[in-house]
Amino acid sequence: MISDDEREIRDTVRAFGSSRLRPHMAEWFEAGQLPVRELATELGELGVLGMHLDGYGCAGMSATTYGLVCTELEAVDSGLRSFVSVQGSLSMFAIHAFGSDEQKQRWLPEMSAGRALGCFGLTEPDFGSNPAGMRTNAKRDGDDWVLNGTKMWITNGSVADVAVVWARTDLATGSKGIRGFVVPTDTPGFSAPEIKHKMSLRASVTSELVLEDVRLPESAMLPGVEGLKGPLSCLNEARFGIVFGALGAARDCLETAIAYAGDREVFDKALSGYQLTQAKIADMSLEWGKGMLLALHLGRLKDAGTLRPEQISLGKLNNVRESIEIARTCRTILGANGITLEYPIIRHANNLESVLTYEGTSEMHQLVIGKALTGHDAFR
């Protein structure tokens, strides 16, 4: 099911993760820090930033290849896949899909190389699952736009060079008046305080975005889209990566648990020799395999141009739900050792708690699937 080219790229990223990233992950997670700038240029050289986009320095690889790369990055840590996802599938994708040629030429080559970092400002303190209620606004002032508002839980926010910010331009038209703006983060009035004290995605930069009379020229607006179609299509791009990525975290947990159970002796024989342990391992392997088959199927549909949003919701709902269950069950095999950073399992489990609810909670994806099956909108 995987071509030689896809396997080669997957293996290259896996080797990079093992040699460059994995030795430092427990330290980065415990410190709550990630050397983002340093890693960005290395990931740019590897060709994974915006790798599924065409032109402007992007590699133009298939969606399935991008998914496999997400699997390998998240097998190291969800924070790494989240960084690559926000850079390529949210901020770069928004500019690539909806930006002017000037915006594309200015930002995409630098972002694909990792020399410029991006973030994506949609979620607000009071509006996550309901982005149509956003309060961030953009008002005309002569030939300029002036933005005011606050965004929350923004990956890369305090290290970004450019922010794609979604704002209301006309309160009377509701969500139809929502537009995207390309905001250089050195613009006066823009600030991004980092969010600390997280217990999940610690090896990831998470910030608040504060916009206080941020003045932008007309050319800062994304010209190619109006309304919620813009940000929601970007979210579907990122969710697709999660379908694959979560399975990477689950695989790392499963491989760790199998190795541990083979070495650990309980009542004078290997823990892996007991029926209950084998039942856990068999069931987890079954769910992981089913999830990977689903991910690859969705990848082929995306490459063929036939993938629908509700199918992405199906993949995200199933694969994240099963991955977090695998992580929790693997923790039980390791016993007390499963809660230390000497092993990756508790780190993956904590990270997956965020992956479970960001870019669409399980409940929201259930309702997307329910609407597709019944024809009834049950969001309200």
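No more than 12 heavy atoms of other residues, nucleotides or ligands shown are found within 6.0 angstrom of CZ on Arg264. Surrounding CD of Gln278 are more than 12 heavy atoms belonging to other residues, nucleotides or ligands, all under 6.0 Å away. Counting heavy atoms of neighbouring residues, nucleotides and ligands inside a 6.0 Å radius, atom CD1 of Ile339 does not exceed 12 of them. Around CH2 of Trp28, the count of heavy atoms belonging to other residues, nucleotides or ligands within 6.0 Å exceeds 12. For Leu276, the CG atom sits in a loose shell: 12 or fewer heavy atoms of surrounding residues, nucleotides or ligands are nearer than 6.0 Å. Enclosure of atom NE2 in His24 by more than 12 non-hydrogen atoms of other residues, nucleotides or ligands within 6.0 angstrom is indicated. When the shell of 6.0 Å around CG of Asp143 is examined, it contains 12 or fewer heavy atoms from other residues, nucleotides or ligands.
Atom CG of Leu235 and atom CG of Leu122 lie 6.0 Å apart (nearest 0.5 Å). Taking CE of Met61 as the start and CG of Asp303 as the end, the distance is 12.5 Å to the nearest 0.5 Å. To the nearest 0.5 angstrom, Asp77 atom CG is 10.5 Å from Asn350 atom CG. Here Asp5 contributes atom CG and Arg10 contributes atom CZ; the two are 12.5 Å apart, rounded to the nearest 0.5 Å.
Both Leu53 and Val225 are part of a single hydrophobic cluster, where members link through side-chain heavy atoms under 4.5 Å apart. Note on Leu254: it clusters hydrophobically with Leu293, by side-chain heavy-atom contacts below 4.5 Å among ILVMFWY residues. A single hydrophobic cluster is seen to contain both Met221 and Val183, as judged by linkage of ILVMFWY side chains at heavy-atom distances under 4.5 Å, directly or through other members. Both Ile326 and Leu296 are assigned to one and the same hydrophobic cluster, defined by single-linkage of ILVMFWY side chains at heavy-atom distances under 4.5 Å. Cluster membership for Ile95 and Trp166, using ILVMFWY side-chain heavy atoms within less than 4.5 angstrom, is shared.
Put simply, the side chain of Gln311 does not reach to within 4.5 Å of the side chain of Ile369, judged on heavy atoms. Side chains of Pro344 and Thr256 form a contact here, defined as non-hydrogen atoms less than 4.5 Å apart. Between Leu49 and Phe83 there is a side-chain heavy-atom pair separated by less than 4.5 Å. Side-chain contact between Val355 and Ile242 is present, with at least one heavy-atom pair separated by less than 4.5 Å. Under the 4.5 Å side-chain criterion, counting only non-hydrogen atoms from C-beta, Leu147 is in contact with Val165. A heavy-atom distance below 4.5 Å is found between the side chains of Lys151 and Glu124. Lys229 is not listed as a side-chain neighbour of Ile178, based on a closest heavy-atom distance of 4.5 Å or more. Between Leu90 and Val164 there is no side-chain heavy-atom pair separated by less than 4.5 Å.
Between Arg251 and Glu72, at least one side-chain N (NZ, or NE/NH1/NH2) sits under 4.0 Å from a carboxylate O, which counts as a salt bridge. Note on Glu27 versus Arg347: no salt bridge recorded, every NZ/NE/NH1/NH2 to OD/OE distance being 4.0 Å or above. A salt bridge does not link Glu102 to Lys104: none of the charged side-chain nitrogens sits closer than 4.0 Å to a carboxylate oxygen. Of the charged side-chain nitrogens involved, at least one lies within less than 4.0 Å of a carboxylate oxygen, so that Asp161 and Arg37 count as a salt-bridged pair. Between Arg321 and Glu325, no side-chain nitrogen of the basic residue sits less than 4.0 Å from a carboxylate oxygen of the acidic one, so the salt-bridge criterion is not met. Between Glu110 and Arg115 a salt bridge is recorded (basic side-chain N to carboxylate O distance below 4.0 Å).
Checked against Val13 for a side chain to side chain contact (heavy atoms under 4.5 Å, CB included), the options Val76, Leu43, Val48, Val84 give a single hit: Val48. Under the ring pair (Phe, Tyr, Trp, His ring centres under 6.0 Å) rule, Phe181 has a single partner from Phe98, Phe120, Trp145, which is Trp145.
With hydrogens and angles disregarded, a donor-acceptor distance shorter than 3.5 Å links the side chain of Gln87 to the backbone of Ala116. Not one N or O on the side chain of Ser200 forms a donor-acceptor pair closer than 3.5 Å with the backbone of Glu353. Side-chain atoms of Thr41 never come within 3.5 Å of backbone atoms of Gly114 as a donor-acceptor pair (strictly under, hydrogens ignored). Side chain of His348 to main chain of Ala250: no donor-acceptor pair is present (N/O by atom type, distance under 3.5 Å, no hydrogens or angles). At distances below 3.5 Å, not a single donor-acceptor pair connects side-chain atoms of Glu38 with backbone N or O atoms of Pro35. Panel note: side chain Tyr343, backbone Cys253; no donor-acceptor pair is recorded below 3.5 Å. Side-chain atoms of Arg179 do not come within 3.5 Å of backbone N or O of Gly227 as any donor-acceptor pair. Side chain of Asn319 to backbone of Gly291: a donor-acceptor contact under 3.5 angstrom is found. One N or O on the side chain of Thr169 and one on the backbone of Gly177 form a donor-acceptor pair closer than 3.5 Å. Under a 3.5 Å cut-off, the side chain of Thr277 and the backbone N or O of Ser272 do not form any donor-acceptor pair.
When every heavy atom of Glu74 is checked against every heavy atom of Ser78, the shortest pair comes out as OE2-OG, 2.7 Å. When every heavy atom of Leu209 is checked against every heavy atom of Ala163, the shortest pair comes out as CD1-CB, 4.5 Å. The minimum heavy-atom distance linking Thr340 with Ala336 is given by the pair CG2-O, 3.9 Å. Val146 and Asn148 make their closest contact through CG1-ND2, 3.9 Å (heavy atoms, listed as atom of the first residue, atom of the second, distance). Minimum heavy-atom separation, Leu356 to Ile324: CD2-CD1, 4.4 Å. The shortest non-hydrogen separation linking Arg202 to Ala31 is NH2-C, 3.8 Å.
In this model, no donor atom of one side chain and acceptor atom of the other lie less than 3.5 Å apart for Lys302 and Thr64. Tyr260 and Asn337 share a side-chain donor-acceptor pair at under 3.5 Å.
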- Going through the distances and angles, do Ile9 and Leu68 end up as a side-chain contact (heavy atoms from CB on, under 4.5 Å)? CA-CA 8 Å; Ile9 295 167; Leu68 293 170; over 6 Å; no
- Task: Show your working on side-chain contact (heavy atoms from CB on, under 4.5 Å) between Leu334 and Ile345 and close with a plain yes or no.
- Result: CA-CA 9 Å; Leu334 270 69; Ile345 291 177; 3.7 Å; yes
- Evaluation steps, salt bridge (Lys or Arg N to Asp or Glu O under 4.0 Å), between Asp252 and Arg22: CA-CA 11 Å; Asp252 197 47; Arg22 195 178 295 275; 3.1 Å; yes
- Would His365 and Arg239 count as a side-chain contact (heavy atoms from CB on, under 4.5 Å) if you check the C-alpha gap in whole Å, the side-chain angles of each, and the deciding distance to 0.1 Å? CA-CA 11 Å; His365 289 298; Arg239 289 165 181 160; 3.6 Å; yes
- side chain to side chain donor-acceptor pair (under 3.5 Å) between Thr65 and Ser62, intermediate numbers included: CA-CA 5 Å; Thr65 304; Ser62 70; 2.7 Å; yes
- Could you give me the CA-CA distance, side-chain angles and deciding distance for Met51 and Met92, then say whether side-chain contact (heavy atoms from CB on, under 4.5 Å) is met? CA-CA 10 Å; Met51 61 181 290; Met92 288 180 70; over 6 Å; no
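Taking the six-membered ring for Trp and thresholds of 30 and 60 degrees, His52 and Tyr66 have nearly parallel ring planes, at less than 30 degrees apart.
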